[in-house]
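Only one structure is covered here, and it is reproduced in the block below.
Numbered from 1 within each chain, the chains take letters A, B, ... in sequence-line order. Note that the structure is a prediction, hence the values are computed from the model and not measured. When reading the values below, keep in mind they use all heavy atoms of this one structure, side chains included, and skip hydrogens, waters and symmetry mates.
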Number of protein chains: 2
Amino acid sequence: MKKVTMADVAKLANVSKSTVSQYLNKRYEYMSEETRKRIARAIEELGYQPNIIARSLKQKTTATIGVIVFNILHMLTIQVLHAIEEACQERGFHVIVSNSDDDPEKEKKYIDMLLAKQVDGLIVFTTGKNEDVYQRLVEERFPLVFVDRMVPGVEADAILLDNKRAAALAVEYLASHGYERIGAVAPPLASHVVPRMERIEGFRQALTEKGLPVIADYFVTAEISSIQRELAKLFASGRPPEALFAINDLTLMKILHFVKNNGIHVPDDLALISIDDVPFADIYTPTLTTIAQPTFAMGKKAAERLFMQIVRKQKHKPQIFRFPPTLIERKSVRQRGNNNDGRR
Amino acid sequence: MKKVTMADVAKLANVSKSTVSQYLNKRYEYMSEETRKRIARAIEELGYQPNIIARSLKQKTTATIGVIVFNILHMLTIQVLHAIEEACQERGFHVIVSNSDDDPEKEKKYIDMLLAKQVDGLIVFTTGKNEDVYQRLVEERFPLVFVDRMVPGVEADAILLDNKRAAALAVEYLASHGYERIGAVAPPLASHVVPRMERIEGFRQALTEKGLPVIADYFVTAEISSIQRELAKLFASGRPPEALFAINDLTLMKILHFVKNNGIHVPDDLALISIDDVPFADIYTPTLTTIAQPTFAMGKKAAERLFMQIVRKQKHKPQIFRFPPTLIERKSVRQRGNNNDGRR
DNA sequence: TTGTATGCGTTATCAT
DNA sequence: ATGATAACGCATACAA
């Protein structure tokens with residue numbers, strides 16, 4: 001099928017392989033117009049296409065990067081991936097995408113496979129584990145960038161949202177609209193899942209800074225599948241929160257399910273604000289006030305940093321980049337002028 | 001960095017490269033327990049990892065496939081991609097993802113680059129153009145599978161939704177609920193964008209089969225960005241449709257915007273049904289009746305067919321697989337018992 | 001300006 | 001059971 005090689009072109013053009021090679025690499029400074037044309041014609045005629053694998057073997061570089069994500073279906077993932085892919089195209093790089101499913105074992109396996117495939121660098125939406133593996137990579141100066149999450153002990157570039165700021169934005173906005181009893185909803189906390197920790201911690205801090213009550217019961221942290229149940233408990237017993245802060249789109253979805261199933265009116269019965277700007281934010285009723293991440297910029301930055309490491313393999317100072325969240329004001333939080341907490 | 005090679009292992013273990021190679025490929029039938037252990041230890045000690053590029057050069061196979069998509073942000077894309085990625089992982093394959101942005105030029109370029117990189121096969125969500133390029137691929141028996149769309153003249157495997165059936169499902173459901181004046185909304189029609197054509201054609205056919213009026217004005221085909229404007233015209237002049245069929249999620253979004261901005265009540269003023277099961281379908285008010293595509297099954301099938309072509313490179317009969325749509329009944333279409341068309 | 005020779009890290013063939 | 005050697009397709013130093 002694809003059997004035509006450089007040797008074939010050389011033969012047809014009556015030159016040597018080296019000359020063809022030079023031609024391909026645009027080193028035609030010392031090449032006669034004549035031979036250049038002959039080679040061009042030979043290539044054309046044979047439909048020759050260079051074998052990049054062979055080139056890679058020689059040059060020890062593949063113009064390919066690996067991206068490992070913990071959840072390929074997540075909106076953030078896909079948007080960042082989009083930016084990464086675009087940046088790579090501009091540089092003539094390819095990207096191999098692997099989905100770890102948030103399983104550290106899989107993650108480790110894919111890192112190994114990708115390395116074996118000689119990728120020039122790795123961008124990873126990490127599970128947060130595998131510290132040893134990453135440690136080895138940074139020691140070897142292998143180009144590596146974390147996105148969205150990171151591994152605490154590892155000194156590598158990381159592209160993160162300014163999570164504390166995002167949480168603070170939410171609290172401040174709610175506070176300025178007269179809300180006091182505010183709850184937060186998140187998946188289970190785990191020290192290796194950095195954004196979750198930072199958002200909840202940021203939330204707690206902002207609350208105290210604003211002089212608002214920190215109510216233990218109002219911190220709903222549960223598996224996504226149990227969130228509705230937990231919310232039901234919360235709203236059944238005692239005084240429910242006036243507002244809820246969803247730390248990401250998945251938890252928001254669950255809250256939205258919950259309010260729909262229970263006839264809770266947003267924002268009159270319950271105000272809502274969340275991180276991640278969901279696509280339906282402005283067609284939902286009410287439209288959803290959200291805190292957006294600059295996903296495209298983050299992906300672009302991740303690619304940039306990786307390329308930086310790839311081109312100059314010397315030591316570089318690993319940095320953590322915190323991207324600013326943006327509050328998008330819509331209608332799921334209203335101004336609570338007078339302290340009415342009745343329905344409708 | 002990653003400099004330890006098979007030769008190093010061989011030296012340390014006091015054997016030849018060939019023996020190490022055999023060990024790696026698990027051909028230890030004729031290998032003494034003794035040497036096997038020595039090799040294992042040497043590998044361990046040196047942290048040796050085989051260079052897959054070198055292997056690929058020799059074996060002429062990369063265990064890598066290319067996937068070219070016309071819109072990486074599209075929900076369908078991402079779900080199908082997920083399935084493809086999973087299937088590939090099971091087989092130890094990697095997938096390189098490229099985004100053509102629905103630009104045939106880009107598409108062509110990526111095909112060439114991917115071929116140069118010696119991918120073992122291509123799954124493409126095609127722009128519908130580049131017939132010549134694809135023609136050449138099938139002539140060369142290069143493993144190729146189209147997904148979602150296809151290129152009319154090209155005899156290759158294609159994984160498609162049964163688009164006509166999907167449109168018919170919509171019409172039948174609407175008809176059975178008492179709707180008669182039904183419109184459809186789609187991006188501009190183009191003969192090379194197969195699903196669009198098939199859905200609209202299927203819609204028209206189903207209408208006539210059901211004895212319902214086919215009203216030219218009710219076919220809204222416009223750029224996504226102009227759809228709202230076109231809908232406004234339609235609803236301003238004359239008698240608006242009682243129900244609308246959105247041929248995909250993007251058009252649905254625009255319709256949803258439109259009804260929100262114009263205070264049109266769904267389903268009382270206007271019933272809605274669409275292809276693609278959007279994630280917010282059952283938190284929207286009313287919940288959205290949709291026609292879902294079996295995205296995961298489609299992705300899996302695409303990978304399967306590609307693998308089939310990859311393993312036995314002999315001729316195979318190209319097939320078009322049409323996957324059955326599923327109507328998910330929710331609340332955006334109501335039973336129109338009595339012919340009231342008033343509001344609320 | 002172009003050609004020769006060698007190496008990249010494997011696998012495969014054929015000896016031994 | 002294990003080893004020597006020749007590919008794989010290209011790039012590059014050096015020669016001519």
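- Terminal axes of the helix from dT1(C)-dA16(D) to dT16(C)-dA1(D) (five pairs each, C1' rotation axis) are separated by 40°, to the nearest 10°.
- Thr5(B) has a side-chain polar atom (N or O) that falls below the 4.0 Å cut-off from OP1 or OP2 of dT10(C).
- Residue Glu34(B) is the one, among Tyr48(A) and Glu34(B), whose nearest nucleotide of DNA chain D lies closer to the 5' end (criterion: closest heavy atom).
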Contact letters for nucleotides 11-16 of chain C, in which S counts primed atoms plus P, OP1 and OP2 and B counts the base, heavy atoms under 4.0 Å:
BB----
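- Put simply, CD on Gln49(A) is 15 Å from C1' on dC10(D), counting in whole angstrom units.
- Counting heavy atoms of neighbouring residues, nucleotides and ligands inside a 6.0 Å radius, atom CD of Glu155(A) does not exceed 12 of them.
- Contacts classified as ring pair (Phe, Tyr, Trp, His ring centres under 6.0 Å) and involving residues 52-90 of chain A (residues at least two apart or in different chains) are given here: His82(A)-Phe296(A).
- For Thr35(B), a side-chain nitrogen or oxygen approaches OP1 or OP2 of dT2(D) to under 4.0 Å.
- Heavy-atom minimum distance, Val69(B) versus Val67(B): CG1-CG1, 3.8 Å.
- Not counting sequence neighbours, Phe321(B) has no partner by the ring pair (Phe, Tyr, Trp, His ring centres under 6.0 Å) test.
- In this structure, Ser32(A) does not reach the dT1(C) phosphate: none of its side-chain N or O atoms is under 4.0 Å from OP1 or OP2.
- The NZ atom of Lys11(A) sits 13 Å away from the P atom of dG9(D) (whole-angstrom rounding).
- A close approach under 4.0 Å does occur between a side-chain nitrogen or oxygen of Ser16(B) and OP1 or OP2 of dG3(D).
- Remark: the backbone N or O of Glu107(B) is not paired with any side-chain donor or acceptor of Lys129(B) at under 3.5 angstrom.
- With rounding to whole Å, Leu57(A) atom CG is found 9 Å from dG9(D) atom C1'.
- Residue pairs meeting the salt bridge (charged side-chain N to carboxylate O under 4.0 Å, His left out) criterion with at least one member in residues 41-55 of chain A, sequence neighbours excluded, are Arg41(A)-Glu45(A).
- Regarding contacts with the backbone of dT10(C), every side-chain N or O of Tyr23(B) stays at 4.0 angstrom or more from both OP1 and OP2.
- Following rounding to the nearest Å, Ile53(B) (CD1) and dA11(D) (C1') show an atom-to-atom distance of 16 Å.
- To the nearest angstrom, C1' of dT10(C) lies 15 Å from NZ of Lys117(A).
- When the side-chain nitrogen and oxygen atoms of Ser56(B) are compared with OP1 and OP2 of dC8(D), none of them lie within a distance under 4.0 Å.
- Under the rule for a salt bridge (charged side-chain N to carboxylate O under 4.0 Å, His left out), the partners of Asp157(B) that lie at least two apart in sequence or sit in another chain are Arg305(B).
- Residue-level contact check: Asn14(B) touches the backbone only, with heavy atoms under 4.0 Å from sugar-phosphate atoms and none from bases.
- A donor-acceptor pair under 3.5 Å is absent between the side-chain atoms of Thr127(A) and the main chain of Asp102(A), judged by distance alone.
- The CG-C1' distance, from Asn51(B) to dC8(D), rounds to 13 Å in whole Å.
- The closest donor-acceptor contact from the side chain of Thr64(B) to the backbone of Val95(B) lies at 3.5 Å or more, if one exists at all.
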